[in-house]
*Asks:* 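Attaching a single structure in structure tokens format; questions to follow.
None of the values given here were measured: they were computed from a predicted structure. So you know, we letter chains A, B, ... as the sequences are listed, proteins then strands, and number each from 1.
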Amino acid sequence: AQKITQTQPGMFVQEKEAVTLDCTYDTSDPSYGLFWYKQPSSGEMIFLIYQGSYDQQNATEGRYSLNFQKARKSANLVISASQLGDSAMYFCAMREVSGSARQLTFGSGTQLTVLP
Amino acid sequence: DAMVIQNPRYQVTQFGKPVTLSCSQTLNHNVMYWYQQKSSQAPKLLFHYYDKDFNNEADTPDNFQSRRPNTSFCFLDIRSPGLGDAAMYLCATSRDREREGRKAAEQYFGPGTRLTVT
């Protein structure tokens with residue numbers, strides 16, 4: 001079973017509007033971390049935001065916020081006031097604390113296009 | 001200030017000709033990772049080093065090897081590249097595999113090396 005699911009292969013949003021990118025996850029580990037990364041066409045992976053499983057409040061970083069619903073195992077990224085430079089691939093990722101590797105598991109990504 | 005540096009950014013190699021990709025970091029992080037990312041796919045972890053401890057993923061082909069001569073540098077060697085090995089190769093680092101929280105878990109990525117096999 002997939003551990004990270006991003007159901008939107010592609011999304012379009014009008015400049016200056018808000019957009020939500022969906023992410024659901026599956027883990028039995030009580031302690032885990034959730035990340036969102038942005039990957040422009042140049043290829044580098046840019047960290048956007050982090051949510052720990054025990055964090056009481058939803059994470060926010062500037063125009064990025066994470067809508068964390070632990071019971072539903074969802075960690076949706078909200079981008080407010082979209083800009084043309086936000087056009088990129090967005091990956092949701094999870095790190096489980098238990099286990100030997102403690103690696104990041106990535107979702108399949110969502111390609112976001114911001115329209116002028 | 002670059003923190004994770006990958007050289008070269010673009011690499012062209014011939015089918016079957018060994019190639020080495022390099023990664024260096026100025027963060028003094030314990031853990032270094034190599035990912036393979038094919039077009040429109042998620043990054044796939046090949047292996048990682050925790051200090052000098054090498055950890056290979058079960059499905060990483062034997063054709064891929066890695067070396068970490070010191071904390072700062074890590075190399076990816078592809079012994080006999082095939083056409084299917086054409087991809088973006090991403091190097092990443094993290095502070096500590098063992099501890100919890102964002103500072104331990106966050107991975108810092110380099111700009112990647114795009115490998116073409118002719």
*Asks:* Tell me, side chain or backbone of A:Y37 under 4.5 Å from chain B's heavy atoms, or both, or neither?
*Replies:* side chain
*Asks:* What part of B:Q6 gets within 4.5 angstrom of chain A, counting heavy atoms only: side chain, backbone, both, or neither?
*Replies:* neither
*Asks:* Based on non-hydrogen pairs under 4.5 Å, which of B:P43, B:P111, B:G112 is most in contact with chain A?
*Replies:* B:P43
*Asks:* Against the six-membered ring of B:F75, is B:R67 placed for a cation-pi contact (under 6.0 Å from the centre, within 45° of the normal)?
*Replies:* yes
*Asks:* Check A:F91, A:Y90, A:Y64, A:Y50 against A:F35 for a ring-ring contact (aromatic ring centres under 6.0 Å, His included) and give me the one that passes.
*Replies:* A:Y50
*Asks:* Can you see whether B:Y49 engages B:Y33 through a side-chain donor-acceptor pair at a distance of less than 3.5 angstrom?
*Replies:*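 There is no such pair between these side chains.
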*Asks:* Counting only heavy atoms closer than 4.5 Å, note whether A:Q51 contacts chain B via side chain, backbone, both or neither.
*Replies:* neither
*Asks:* Check each of A:M94, A:E96, A:R95 against A:L104 using the side-chain contact (heavy atoms from CB on, under 4.5 Å) test, and report the only one that passes.
*Replies:*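 Only match with A:L104 under side-chain contact (heavy atoms from CB on, under 4.5 Å): A:R95.
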